[in-house]
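Owing to the predicted nature of the structure, the values given are computational and were not obtained by experimental measurement. The analysis underlying the following values was restricted to heavy atoms, covering all of them including side chains, and did not include hydrogens, waters or symmetry mates. Residue numbers start from 1 in every chain, and the chains themselves are labelled A, B, ... in the order their sequence lines are given, proteins ahead of strands.
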Amino acid sequence: MSVENPTTAPESALLAGQAAQSPSEYLQGYLKRVTSGDLGSLPIILGLIIIAIVFQSQNQNFLTARNFVNLIVQMAGITTIAYGVVFVLLIGEIDLSIGYVSAVAAVTMTLLLREPGGWPWYAALGLALITVAIIGIVQGLIITSFQLPSFVVTLAGLLAWNGVVLIMIGGAGTVIIQDNVIIGIANYFLPPLWGWIVAAVFVGGYILFRIRQVIARRSQGLPTTPMLIVTVQSIGLAILAGIAVYVCNLDRGVPFVGIILLVFLVFFSFLATKTPFGRYVYAVGGNKEAARRAGISVQKIQVIVFMISSTMAGMGGIILASRLRSVDTAAGGGNLLLNAIAAAVIGGTSLFGGSGRVSSAILGALIIMSVENGMGLLGLSSGVKFVITGLVLLLAVLVDAISRRSRSQSGLA
Amino acid sequence: MVSDKPLLELKGVSKRFGAVQALTKVDFFSYPGQVMALVGDNGAGKSTLIKGIAGIYPFDEGEVYYDGKQVHIHSPKDCAALGIEIVYQDLALADNLDVVANMFLGRERVLPLWRLDEASMEKDCVKTLDSLSVTTLRSVRQPVASLSGGQRQAIAVAKAVMWNSQLVILDEPTAALGVAQTRQVLDLVRRLADKGLAVVLISHNLHDIFEVADRITVLRLGQKVREFDTKQTNQQEVVHAITAGQLEQVPGMVKS
Ligand SMILES: Nc1ncnc2c1ncn2[C@@H]1O[C@H](COP(=O)(O)OP(=O)(O)O)[C@@H](O)[C@H]1O
Ligand SMILES: [Mg+2]
C-alpha cells in the first residue's frame, strides 16, 4: 500500500510551478540555462562558423558543394566509431581497442569477399560484424568479471588486434575490394529526387515525434512545449535539411553514407534517451552503486556497451575500407582511435561518465574533420595538422570545464 | 492495524567482512503498523543488517522469515519483489538523472517498442511528491545534483513509498536535515506506520526515536543487546544499552 494515489490533490503545487508555459517563458527559460552555463550545442555551432570563416578566407574551395559532399564522406568512418565511444564514455569507461577492432572487421569482410569463392556481401559483412561484436563481449566480460580497468584490458586489445590484422593480411600487403555493394557504401550518391524524399521522411518523422510527445504529455495533464516553439524548431530543421540536400545535389548528390550516419544517429539517440537500457547506461555512469541497488544488472549493461562499441568500430572500419576500396596493413592505425574518442569529447560527452549525448559523436567529428579537411586544402603538413587538432581538443575540453563550473555555481550542474 | 504476527523476522543472522565480524547471531523483527527503531553506536552493524535484508550483502548464516514464510534474498530485486523498500544512508540516487528517472530507476514503465512511458511516470512522480507535501522542487525534470540535502532525502523517501511496499526501512533519514525537514520526515514515518506499513527506522537521535518509534532494538558490536518497548523505558536506559549493554541471557527474549 502506498500513501499517495487515491486522493489526488486537484491542484498540484509542483505542476502549478511549471504549467502554462508560454513561448516567451520557454525562451526565457532557455536563455537562463545558457547564461548560467548550460551551453548545449552552442559552442560547436560557433566553432563551425569560425572554422568556415577562417578556411573560406584562406581557400575559396572550402565552402563549395564538392567539398561539403567530400566532408560527409570523410567524416563517416570516425563518426560511426564515435557513436560507440559515446556509450563507453557514458558508463565511465574507455575502449582503446576500437581502432584495430575496426580493422579486424574490415579485413575479415574483405578476405571473405575475395574471389574466387567469395561470400555474398551481406554474409561477409554480417560475419565481420558478429566477429567484432563477440570481441566486444569478451573484452567486456574480462573487464567486469575480474574488475580490471577497461583502460588496461582494451590497451591489451589494441596491441593484440593490431597483431591479428597483420597476421590476417599476411604478405598480401593490400587486399582490393571488388564487391559493388560494399564499395557503394561510401561511394554511392543518391539521385537528386531520392535525396529530397529521404529529407522529407526525416523531417516528417521528427515533426510526428514532437507532436506525439506533446499529445502524450497533455493527456497526463503535464506542461508541454508551446506549439509555436515546436513549429519553429520543425521549420528550422526542414530548412537545414533542405539546404543540405540542395547543396549535395549541386555536386554528386546526397552520399549514401550520410544517410547511414543519420539512421545511426536516430537509432542510438532513441536507445540512449527513450529506452530503459539508455536510462541504465546513464545511471551506471552517474552512480554505479545506485544502479545496483535499483536492481539494475550493472555487469550486463557494461558488457552490452562494450559490444556496441566494438560493433560500431567494426561498422566504421567497413565504411573506411569501402571508401578506400581496399584494406592494407595500416588499417585501423594512425590517429583513428584518438580522433574517434576526441570527436565524442569535443561534441560534449564527458570522460567521467554519466553525461553526454549520441549527437556529440557527429558534431565532434564534424569539427575535427572540417579542420582536417580545411588544412588539407591549405596544403599544411601533417605536423601542423596534428598540433592544430590537439589545440581544438584542448579548447573543447576547456569550454566544457568552464561551462560546467558556472553551471555548478548556479546550481544546475 | 497492528498485527500480532511479525512481517519480517530474522533469526540468528551473522555477517563477516574478512576479519570483521559485523553481525553475530542477531534476532530482529518488525510488525505491521509499528515503527521499530534500530539503534547502536557507529560500527554496531545497523547498516550491515539493512544491507543483508536488502540482499546487497546477503547474510552468511541465519534465517529470514517474511509474512511467516522463510525467504532467501540474494539481490535488491528479490527484496523489492517481497514489498520491502529501503532508503539508504548514502542516498543511492544518481546525480545525473532527473527526479522522475530516479524515482522509477530499475522499474521504468515501458510502452510498445521498448519506449519509456515518461509522461505517466512524471505524472505519478508529481502525485507522490504532492501527497508527501514535497513542494519545494522547481521541477521534477531537474537533475538530482541540483537539489538541496533535504530535497534529496525527500526524493529518496518518496521513492521508497511510491511502490506498494509493506515494509519501509530508513537508514538515518534525518541525519543531514534541518529542523523543519526533520519534522516532515518524522511525520511521514509515523504516517506510514499508521497506514499499516511496517517501518524500521535507524537513527542516532533518541529524541526523534522516542517520538515516533513503538519499539527499539539496540545493537552493539554486531550483537543485539536489548529490545525495548518505547512506552516502558526512557532515554537513559537506552543510552546505557548502546554504550555498555550486556547481552540478554536468552538471546531474542523480549521483556514487556
Ligand atoms: N563493505 C564492507 N566491507 C568491510 N567491512 C565492512 C563493510 N561494511 C561494513 N563493514 C564493517 O562492519 C561493521 C559494521 O558497520 P555498519 O553496519 O556500517 O555499522 P553502523 O551502520 O551501525 O554504523 C564496521 O566495523 C564496518 O567497518
Ligand atoms: Mg550506518
Asks: Among residues 69-82 of chain B, which ones touch chain A with a heavy-atom distance under 4.5 Å?
Replies: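 The list, in residue order, reads B:Pro76, B:Lys77.
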
Asks: From A:Asn287 CG over to A:Arg293 CZ, what is the distance, rounded to the nearest 0.5 angstrom?
Replies: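 Rounded to the nearest 0.5 Å, the CG-CZ separation comes to 8.0 Å.
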
Asks: Salt bridge or not between B:Asp95 and B:Arg152? Use side-chain N to carboxylate O under 4.0 Å.
Replies: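 Result for this pair is yes, salt bridge flagged.
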
Asks: If I compare all heavy atoms of B:Pro173 with all of B:Val185, which pair ends up nearest, and what's the gap?
Replies: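 Between these two residues, the closest heavy atoms are CB-CG1, 4.0 Å.
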
Asks: Between the side chains of B:Arg183 and B:Glu211, is the shortest nitrogen-to-carboxylate-oxygen separation below 4.0 Å, so that they form an ion pair?
Replies: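 Salt bridge present between B:Glu211 and B:Arg183.
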
Asks: With a 4.5 angstrom heavy-atom cut-off, which part of A:Thr273 approaches chain B: side chain, backbone, both or neither?
Replies: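 Just its backbone gets close to chain B.
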
Asks: Say you draw a straight line from CE of A:Met312 to CG of A:Leu129; how long is it, rounded to the nearest 0.5 Å?
Replies: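 These two atoms lie 9.0 Å from each other.
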
Asks: Between the side chains of B:Ser47 and B:Asp171, is a donor N or O closer than 3.5 angstrom to an acceptor N or O?
Replies: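 Looking only at side-chain atoms, B:Asp171 and B:Ser47 do form a donor-acceptor pair, the distance falling under 3.5 Å.
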
Asks: Within a reach of under 6.0 Å around CZ of B:Phe17, are more than 12 heavy atoms found that belong to other residues, nucleotides or ligands?
Replies: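 Yes - once you tally the heavy atoms of other residues, nucleotides and ligands closer than 6.0 Å, there are more than 12.
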
Asks: What side-chain donor-acceptor pairs closer than 3.5 Å can you find for residues 99-107 of chain B, not counting sequence neighbours?
Replies:
{"from": "B:Asn102", "atom 1": "OD1", "to": "B:Ala94", "atom 2": "N", "distance (Å)": "2.8"}
{"from": "B:Asn102", "atom 1": "ND2", "to": "B:Ala94", "atom 2": "O", "distance (Å)": "2.9"}
{"from": "B:Asn102", "atom 1": "ND2", "to": "B:Leu97", "atom 2": "O", "distance (Å)": "3.2"}
{"from": "B:Asn102", "atom 1": "ND2", "to": "B:Asp98", "atom 2": "O", "distance (Å)": "3.2"}
{"from": "B:Arg107", "atom 1": "NH1", "to": "B:Glu85", "atom 2": "OE2", "distance (Å)": "2.8"}
{"from": "B:Arg107", "atom 1": "NH2", "to": "B:Glu85", "atom 2": "OE1", "distance (Å)": "3.3"}
{"from": "B:Arg107", "atom 1": "NH2", "to": "B:Glu85", "atom 2": "OE2", "distance (Å)": "3.4"}

Asks: Checking A:Arg218 against chain B: side chain, backbone, both or neither under 4.5 Å from a heavy atom?
Replies: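 The answer is neither part of A:Arg218.
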
Asks: Output the residues of residues 275-283 of chain A for which the shortest heavy-atom distance to chain B is under 4.5 Å, in residue-number order; output 'none' if no such residue exists.
Replies: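 Within residues 275-283 of chain A, the residues that come under 4.5 Å of chain B (heavy atoms only) are A:Thr275, A:Pro276, A:Phe277, A:Arg279, A:Tyr280, A:Tyr282, A:Ala283.
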
Asks: Using a strict 4.0 Å threshold on nitrogen-to-oxygen distance, state whether B:Arg191 and B:Asp187 make a salt bridge.
Replies: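 Salt bridge absent between B:Arg191 and B:Asp187.
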
Asks: Name every donor-acceptor pair, under 3.5 Å, that has one atom in a side chain of residues 295-307 of chain A and the other anywhere in the protein, sequence neighbours excluded.
Replies:
{"from": "A:Ser297", "atom 1": "OG", "to": "A:Lys300", "atom 2": "N", "distance (Å)": "3.4"}
{"from": "A:Gln299", "atom 1": "NE2", "to": "A:Thr144", "atom 2": "OG1", "distance (Å)": "2.8"}
{"from": "A:Gln299", "atom 1": "NE2", "to": "A:Ser145", "atom 2": "OG", "distance (Å)": "3.4"}

